[in-house]
Amino acid sequence: MAALIILVIAASFLSDRFLTPANLLNILRQVAIVGILAIGMTFVILTRGIDLSVGSILGLSVVIYAGLLETHSMAIAIPLGLLVAMAAGLVNGLGVASAGIPPFIMTLGMLSFARGLAFLYTGGTPIPILNEAFYDLGNDYLFGIPIPSLILLAILAVSAIILSLTAFGRSVYAIGSNEEAARLSGVPVRLYKIIVYVIAGGVSGLAGLVYASQLSIGTPIAGQGYELDAIAAVVVGGTSLFGGKGSVGGTFLGTLIIGVLANILNLTGVDPYVQQLFKGALIVVAVYFMSRSGRS
Amino acid sequence: MAALIILVIAASFLSDRFLTPANLLNILRQVAIVGILAIGMTFVILTRGIDLSVGSILGLSVVIYAGLLETHSMAIAIPLGLLVAMAAGLVNGLGVASAGIPPFIMTLGMLSFARGLAFLYTGGTPIPILNEAFYDLGNDYLFGIPIPSLILLAILAVSAIILSLTAFGRSVYAIGSNEEAARLSGVPVRLYKIIVYVIAGGVSGLAGLVYASQLSIGTPIAGQGYELDAIAAVVVGGTSLFGGKGSVGGTFLGTLIIGVLANILNLTGVDPYVQQLFKGALIVVAVYFMSRSGRS
Amino acid sequence: MDKILLEAVALTKAFDGNVVLSGVDFTVHAGEVHAVVGENGAGKSTLIKTLAGVHRPDRGKLLIEGVETTLRSPRDAIAEGVVVIHQELSLAPHLSAEENIFLGHFPHTRWGLVDRRRIREHTRELLKRLMIDIDPVRPVGELSIAQQQMVEIAKAISFQAKVLILDEPTAVLDESMVSTLFDLVAKLKTEGIGIVFISHHLEEIFRIADTVTVLRDGSRTGVSKVSAIDQDWLVARMIGREFPIHDVQVREFGSPALEVSHLGLRGTFDDVSFIARQGEIVGLAGLIGAGRTEVAKAVAGIIRPTSGTIKVFGKAVRLRSPNTAARFGISYVSEDRKTLGLLPNRSVLENATISNLARFRKLGFLNRSLERRYVKGAVKRLDVRMSGPDAEIRTLSGGNQQKVLIARALAVEPRILIFDEPTRGVDIGAKSEIYSLINELVRSGMCVILISSEMEEILRLADRIVVLRRGKVAVTLSRDEASENTIMRAAALAE
Amino acid sequence: EDAQPISQKTCTQLLADYKQLPFTSVLPLDEGPIAIGGDTKDITIGFSQTAFNHPWRVSMLESLQAEACRHPNVKLVILDGNVDVAKQSNDVRDLLARGVNAVLLSPVESAALVPAARAVQSAGIPLIVMDRDVPTDKTLFIGQSNVTMAEQVAEHMAKDLGGKGNIVVITGLKGSSPAVDRDQGMKNVLAKYPDIKVLAVGDGQWIREPAVPLMEDFLTAHSDINAVFSHAEESSWGAQLAIARAKRCGDHIRHYTFDGSNAGFKSVKAGTFSADGNYTPFIADVGLRAALYKLMGKEIPGTQDYDMPGKRLQLPDSPTVVADNADEWIGRGWGNFEPTLDPCK
Ligand SMILES: Nc1ncnc2c1ncn2[C@@H]1O[C@H](COP(=O)(O)OP(=O)(O)OP(=O)(O)O)[C@@H](O)[C@H]1O
Ligand SMILES: Nc1ncnc2c1ncn2[C@@H]1O[C@H](COP(=O)(O)OP(=O)(O)OP(=O)(O)O)[C@@H](O)[C@H]1O
Ligand SMILES: [Mg+2]
Ligand SMILES: [Mg+2]
């Protein structure tokens with residue numbers, strides 16, 4: 001939190017355009033996609049797993065929305081796209097929890113597999129989305145807030161409740177903290193791990209929904225490399241890659257920190273190559289100060 | 001091992017060109033770069049760390065070799081390139097071991113930073129390498145074996161010796177198995193962790209050497225995304241991401257498995273989109289069978 | 001009282017061809033405390049784990065209240081009312097005490113959410129009943145081992161078990177906590193719960209058990225009403241041979257090896273001073289939480305004290321790390337085997353030699369045969385039971401793991417050796433081996449600091465006893481002054 | 001004198017090369033400050049580029065920076081889209097937040113920048129789209145067609161092969177629109193030549209490294225390859241490396257490629273490549289001038305309606321570079337680096 005505040009103060013000195021309502025809403029919209037992915041990722045990482053396939057599942061859902069919208073209504077396209085995303089997550093979950101394949105490998109396989117499916121489905125050519133209502137979903141405002149940001153906030157709220165107030169949520173922490181202990185306590189570890197990957201998949205499908213509606217296109221390369229961005233947001237947000245510790249609130253903060261960094265670097269017009277240098281250095285510095293302030 | 005053998009047998013049925021000496025040497029050369037990176041990565045992962053910056057450090061070293069070779073001899077360019085790579089590793093090590101930044105974040109920062117440096121150094125334009133001797137280094141044969149493959153094998157041998165026969169190597173395992181216990185046993189944990197990242201950096205520089213000499217070009221995008229390939233090779237090779245267990249021999253096997261997979265998919269002329277599907281599925285299957293055979 | 005709750009018939013279990021249980025019969029009646037005893041590695045924990053759905057037996061059957069049952073997971077066992085406190089602490093370290101207690105059976109509100117208020121109330125009740133004073137929302141990873149054990153006990157009770165199995169619960173508890181536990185067990189008994197109890201403290205068996213089963217090398221070598229037998233009967237069936245009781249001979253002490261003066265660490269201990277000489281055993285006594293471990297850690301270079309000085313062989317030193325401490329000849333065997341001791345997925349050999357790899361080098365490279373020779377010697381001396389030096393240490397039984405860690409400390413050839421609860425979880429045979437080892441070490445001039453919650457151990461071994469109370473030295477007693485009474489009084493008395 | 005971002009060139013250096021740019025006569029504009037309604041206050045132009053990870057993209061930027069150097073009150077803000085449509089979409093909005101006077105956009109993906117483009121339009125400032133189009137309203141689109149260019153290159157190939165033979169294809173980054181278009185162009189032509197067989201297709205990702213193992217494996221699998229149709233010069237050089245290593249220089253495999261760099265033209269002249277699709281990056285100066293015209297309220301001549309919303313400015317087609325015209329084009333391509341050693345020579 002302290003890190004974010006310092007960043008915001010620094011940013012508002014660097015550019016007088018930063019602290020305008022329009023720009024802040026901009027940031028909130030800009031972080032929506034990765035922010036949503038990062039929330040799903042948080043569930044997985046809390047169980048001591050990892051999901052490298054979120055970007056690919058996003059891509060797969062994106063082309064499915066686009067493909068179905070060519071001939072069907074949103075009421076058909078959205079549920080089906082989400083279903084496919086959850087199915088991909090289910091396969092991940094079965095591989096990890098039932099077949100005992102390390103999460104890194106299982107989801108790396110899915111990264112490749114889901115991306116391949118997306119390419120096959122489209123034949124490599126992006127499918128434009130001409131549905132206006134769908135376009136509005138990604139680009140309109142509700143109560144003055146961009147809809148994608150509202151989707152992000154809704155997912156955040158639901159996830160926070162699940163993680164802190166349900167038996168499933170608490171068990172997720174227990175599994176990541178000490179899987180054996182959780183099993184010995186009678187927690188249905190296998191089932192819960194499967195559910196966690198289904199959540200990550202489903203949430204990726206929701207991120208895909210934002211992506212497809214925001215950009216009005218079903219491109220099979222959508223979301224390439226987002227897995228690292230999502231993991232970064234989770235870790236910057238204070239969740240341990242070794243499980244059991246963290247929160248979606250932290251992940252949201254992490255997402256904002258990274259989003260504000262990108263925004264301010266753009267606003268000040270730094271040389272893009274130098275931006276890359278800064279970005280690397282600033283993430284490290286932000287985390288350093290976060291861990292400092294967390295300690296005291 | 002079993003997985004590799006099954007794969008090789010399957011491959012030789014799928015293509016009669018597979019089991020030719022020329023093709024096998026091809027594979028051995030093709031896997032050299034990622035294989036070398038993966039060995040450095042193994043050290044880091046054994047300590048329960050991760051190094052996402054290996055691809056970027058490779059890229060940085062590549063442009064430095066190329067830049068220096070414009071005006072200097074190999075005897076200057078190679079040591080300086082390696083030095084820069086090791087320096088980047090040192091920064092990683094200090095960040096992780098001394099400043100206590102999580103390895104994922106520290107090396108993610110370096111991923112961005114080193115890549116930015118590479119772009120700045122070249123101004124985004126690749127530097128062609130016209131040095132004939134340097135070209136030969138990447139493309140010639142010694143005792144009938146491609147030099148890059150020999151470099152890989154040499155690094156493999158040295159690493160295997162370090163890990164199994166030196167106090168440092170033994171301590172690397174101990175740190176990954178239980179860092180606190182290792183510290184209490186008098187292992188200089190901080191120093192050794194720093195060394196591990198310096199090794200990963202230096203080895204990335206060697207991989208960069210192979211890259212630059214093989215392709216005769218210093219492009220700042222060299223090695224983008226290789227970190228995931230390297231980690232995949234390590235994990236397919238049976239090293240645990242949670243540290244303390246694994247070997248560079250396993251990593252070499254993992255590298256070969258992935259290399260043979262890519263080779264046979266190319267040889268049989270599968271559609272690239274379908275290749276991606278297969279690749280995803282096959283990695284999972286290979287690891288599944290490996291863990292099975294390991295158990296019994 | 002006569003109702004059979006749980007019956008195991010001819011259980012057999014092997015790991016990688018090693019038979020660990022062979023044809024063991026075992027019965028638990030309602031309202032009975034059934035003790036299981038045996039040497040380290042005899043198969044006690046394995047028996048428990050097959051009763052709890054952790055391991056599937058290779059052969060044999062399990063009847064619960066007369067019905068043959070297959071337990072596929074601990075979850076199944078819990079559903080059948082079989083609840084276990086395992087020997088290895090099984091808590092989620094990042095979760096709070098209250099969440100650990102209710103993990104696996106959270107109470108729900110009308111809305112299907114976790115009922116935090118009920119959890120809070122129940123936890124408070126349980127903790128009060130067990131007389132433990134901890135913050136129920138603090139992550140249990142931050143609690144001391146003893147406190148964690150008490151949380152485990154609270155958790156087990158919260159399950160409303162029919163059969164409650166306790167695998168060495170008293171190993172990490174002090175006298176008063178043991179009494180609390182036994183009172184509780186007595187009460188559960190009257191409620192008709194069947195209790196299985198494992199301990200290496202044979203006097204405890206006679207204190208609370210009704211029946212006892214003896215295991216040796218995976219076979220049952222005896223079962224009897226406790227009232228019908230004595231300690232010799234048990235020992236004979238456990239070990240099958242006599243073992244000597246080593247009493248300490250009077251020795252000459254050399255020059256001061258360790259001089260601790262006015263040592264303090266803010267909030268933990270304060271103004272701690274004592275001297276330990278060559279050839280001397282200094283005991284640190286006190287209740288759990290008195291700060292003994294912290295003092296030891298400060299002397300071992302693991303934590304840095306905020307005030308005071310440490311002299312080693314007359315020289316004032318600053319111990320910045322365990323490594324520096326080792327260089328001054330100080331070695332430490334931690335009480336916290338799991339988090340500070342074991343390299344869990346490495347072999348016995350690597351665990352034993354990691355503390356002094358320099359010793360096992362030849363021409364700059366590690367030499368396996370040197371290592372093997374050392375490990376072989378230590379294994380023999382400490383009587384470690386295992387399949388071989390290349391076995392992963394986590395497959396060893398708890399007591400045998402402890403012995404390997406002692407071998408590790410000895411590999412440094414220390415001049416000052418700090419033992420923190422060295423015989424925790426160790427069987428009586430091995431305990432006597434460790435005592436004789438300690439004797440041997442001090443006779444050769446080593447200085448030993450011994451922390452133990454076992455009164456008998458301290459009294460028998462220590463030449464001088466420093467009693468800590470709430471981080472301060474309450475009193476220092478000579479061998480002649482020390483008795484259970486004087487120590488307890490100093491340790492527990494309110495100032 | 002300060003170096004410009006990315007290119008690291010000073011205005012003096014950039015202006016020295018200005019005369020070499022191919023389209024300076026399109027929408028001509030005198031040197032000197034730009035006056036809008038008699039006022040010469042600073043004008044900020046935002047440029048959202050696909051990415052700066054390829055020298056082609058850097059050369060495009062140089063043509064822009066050179067034009068900007070001619071007008072002291074024109075300032076540039078340059079953003080790097082990192083080959084990610086979502087990031088680029090965000091970048092465009094950041095440019096708007098920054099209050100630029102006009103947006104130049106070279107999209108990662110044609111259709112995906114529609115919402116961002118609409119946001120520019122509704123901010124009421126000029127939007128000039130370059131290289132890849134956006135299917136929504138805009139001030140102007142300036143670009144070349146990858147489809148027709150690929151058709152030209154493929155025709156050369158078909159002619160050289162006598163309408164008969166075996167080829168392998170190394171594409172640009174799978175799914176990216178130039179790769180899709182170049183593939184389409186090739187397929188359009190090959191439909192007319194049933195005796196030209198595509199033996200294998202692989203993803204060269206525009207660069208050299210992945211092309212090498214691909215080509216090695218293709219050579220292992222097929223002993224009768226007549227030509228490599230590659231979407232990028234870098235990949236073609238990589239393929240040539242693989243051919244040399246496999247000791248198959250004697251097969252005289254031909255290379256058909258794209259990019260239009262000076263190094264590529266030199267390789268055509270040297271006979272390494274048989275044809276190079278002349279895809280010039282030097283169009284951003286035209287884009288900037290178009291934006292300035294618009295801001296000054298000047299009519300943009302030569303624009304036409306086309307099958308997309310908005311107007312198009314058709315640039316003269318650059319001919320495919322083959323051995324006959326290589327000399328004429330060396331020096332007029334982009335990039336000033338040397339071609340790689342041809343290991344077959
Ligand atoms: N998972 C396992 N894999 C292999 N061997 C095992 C495993 N678990 C236990 N063993 C072996 O089984 C034997 C019995 O172990 P067990 O833990 O049951 O002993 P125990 O009687 O509880 O001893 P202790 O008093 O030390 O706790 C030991 O030799 C141990 O090494
Ligand atoms: N990791 C920790 N974090 C916070 N507090 C701790 C930690 N470990 C121990 N404590 C607290 O410090 C105090 C001293 O504990 P310590 O373990 O030194 O006691 P002790 O006298 O050695 O008892 P024993 O060794 O028998 O458990 C206790 O109140 C304990 O709760
Ligand atoms: Mg046991
Ligand atoms: Mg203690």
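Remember, it's a predicted structure, so these values are computed and weren't measured experimentally. Lettering follows sequence order; numbering is per chain, from 1.
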Asks: What's the spacing between S73(C) OG and R190(A) CZ if we round to 0.5 Å?
Replies: 9.5 Å

Asks: Would you say S185(A)'s side chain and G104(C)'s backbone share a donor-acceptor pair under 3.5 angstrom?
Replies: no

Asks: Against chain A, work out which of D115(C), L103(C), L89(C) has the most heavy-atom pairs shorter than 4.5 Å and name it.
Replies: L103(C)

Asks: Is the CE atom of M386(C) crowded by more than 12 outside heavy atoms at less than 6.0 Å?
Replies: yes

Asks: Quick one: closest heavy-atom pair of G244(A) and H94(C), and the distance?
Replies: O-CB, 3.3 Å

Asks: Considering only heavy atoms and a distance below 4.5 Å, find which of S171(A), G176(A), P188(A), S164(A) pairs most often with chain C.
Replies: P188(A)

Asks: Go through N178(A), V187(A), L165(A) and name the one with the most non-hydrogen pairs under 4.5 angstrom from chain C.
Replies: L165(A)

Asks: Which bit of F159(C) comes within less than 4.5 Å of chain A, counting heavy atoms only: side chain, backbone, both or neither?
Replies: side chain

Asks: Picking from A181(A), S240(A), A182(A), which has the most non-hydrogen pairs under 4.5 angstrom with chain C?
Replies: A181(A)

Asks: For H105(C), is it the side chain, the backbone, both, or neither that has a heavy atom closer than 4.5 Å to a heavy atom of chain A?
Replies: neither

Asks: When you compare the side chain of R170(A) with that of F106(C), does any pair of heavy atoms fall below 4.5 Å?
Replies: yes

Asks: Might you confirm whether atom NZ of K13(C) has over 12 heavy atoms from other residues, nucleotides or ligands at distances under 6.0 Å?
Replies: yes

Asks: Among E88(C), K49(C), H86(C), which one satisfies side chain to side chain contact (heavy atoms under 4.5 Å, CB included) with L184(A)?
Replies: H86(C)

